[in-house]
Amino acid sequence: MPAITHHIPDPMIAAYAAGSLPHAFSLVVASHLSLCRDCRAALGAHQAVGGALLEEAAAVAMSQDAKSNLMAQLDEPAAPEPVYDASGIYPGPVMQSLKGRPPRWKTLGMGVRQNILFEDDLGSARLLYIPGGQAVPDHSHNGLELTLVLQGSFSDETGRFGVGDVEIGDETLEHTPVADAGDPCICLAATDAPLRFKAFMPRLLQPLFRI
Ligand SMILES: [Zn+2]
C-alpha cells in the first residue's frame with residue numbers, strides 16, 4: 001500500500017479520544033486509525049493525557065454496595081456483542097456497521113452506488129462506489145465532510161487521495177472529485193449536513209438519495 005499522505009487533523013483526533021465526535025465522524029476516524037500507524041500514535045498521546053487527567057481528578061464516593069453489586073454481576077452470563085474483523089478492503093469499524101455482511105449497494109446513476117451505514121441527527125456515514133474515470137457531481141458543503149479512500153483513488157482541486165487517505169471538506173471547499181482511471185474508487189464518507197449541489201438535477205435528486 002502506498003504511503004498515506006492525508007491524515008486526520010490533530011484536533012479531530014483529540015475530539016475522538018475525548019469521545020465528543022458525532023458517531024458518523026468517529027466511524028471514519030476509527031477506520032483511518034486502523035490503517036494509519038502515525039494517527040494511532042497521535043491517538044495514544046491524547047489518550048495518555050486523558051489518563052493523566054483521570055489520575056489527577058478528585059475521587060467521588062460511590063454508594064456503599066457499588067463494588068459488591070458489580071462483583072455479583074460479573075458472574076452473570078452475558079450475551080457477547082458480536083465483533084467483526086476487517087474484511088477485504090473494509091476496515092473493522094466498517095464491517096461492524098455492516099454487521100459482517102458485504103455492502104448492499106444502491107445505484108445513484110452514472111455507475112455511482114452507495115450504501116448508507118449510519119444516520120442520525122448529527123450526521124450520516126455511507127460507502128460510495130465510483131467507477132474509474134467517473135466524476136461525483138460538483139458540490140459544496142453546509143458542514144463538514146470526511147472522505148476515506150478504501151479502494152482506488154480520486155483527485156479533486158485540492159490533490160490526489162489514495163487508499164487510507166482522508167479528505168476533510170468544509171463550507172469553504174467546493175470540489176468535483178473524479179475517480180482516477182482503473183479500479184472503482186470505494187470510499188467511506190461522513191457528513192454532518194446535506195451537501196449543496198450547484199447543478200439543478202443533482203439538487204432535484206438530492207432528497208431521493210439522501211445526500
Ligand atoms: Zn493518519
Side-chain angles (χ1 to χ4, degrees), residues 1-53 83-98 103 114-118 122-130 132 136 139-141 143-180 182-193 195:
M1 187 165 94
I4 294 173
T5 54
H6 300 273
H7 297 275
I8 303 286
D10 200 56
M12 198 174 282
I13 294 184
Y16 177 82
S20 58
L21 275 186
H23 180 75
F25 290 152
S26 285
L27 189 54
V28 179
V29 173
S31 296
H32 176 84
L33 286 166
S34 76
L35 302 172
C36 179
R37 182 190 298 227
D38 292 352
C39 286
R40 277 202 301 277
L43 174 67
H46 285 293
Q47 286 173 329
V49 170
L53 286 174
V83 174
Y84 300 101
D85 293 330
S87 173
I89 63 165
Y90 301 108
V94 171
M95 289 311 293
Q96 199 72 33
S97 293
L98 289 167
Q114 74 167 353
N115 178 346
I116 294 174
L117 294 176
F118 175 83
L122 297 177
S124 66
R126 72 199 64 228
L127 292 169
L128 286 170
Y129 175 109
I130 306 151
V136 173
H139 62 275
S140 57
H141 311 87
L144 201 58
E145 178 189 53
L146 261 59
T147 308
L148 168 68
V149 178
L150 301 176
Q151 176 184 291
S153 59
F154 74 84
S155 300
D156 70 7
E157 291 81 345
T158 69
R160 182 175 178 279
F161 299 82
V163 172
D165 284 331
V166 185
E167 182 177 50
I168 317 280
D170 63 14
E171 289 93 339
T172 63
L173 176 69
E174 184 182 317
H175 64 159
T176 311
V178 179
D180 296 327
D183 282 341
C185 181
I186 297 179
C187 297
L188 169 64
T191 50
D192 61 0
L195 304 181

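All ligand and atom numbering here is 1-based and tracks the order in the structure.
Side-chain atoms of Asp183 never come within 3.5 Å of backbone atoms of Gly152 as a donor-acceptor pair (strictly under, hydrogens ignored). One N or O on the side chain of Gln151 and one on the backbone of Pro184 form a donor-acceptor pair closer than 3.5 Å. Of the possible polar contacts, none joining the Gln114 side chain to the Leu128 backbone as a donor-acceptor pair under 3.5 Å is found.
At least one N, O or S atom of Cys36 sits under 2.8 Å from the Zn ion (ligand 1).
Taking the six-membered ring for Trp and thresholds of 30 and 60 degrees, Phe154 and Phe161 have nearly parallel ring planes, at less than 30 degrees apart.
Take the N/O/S atoms of His7: the one nearest the Zn ion (ligand 1) is ND1.
Here the angle centred on the Zn ion (ligand 1), running from SG of Cys39 over to NE2 of His32, is 100°, rounded to 10°.
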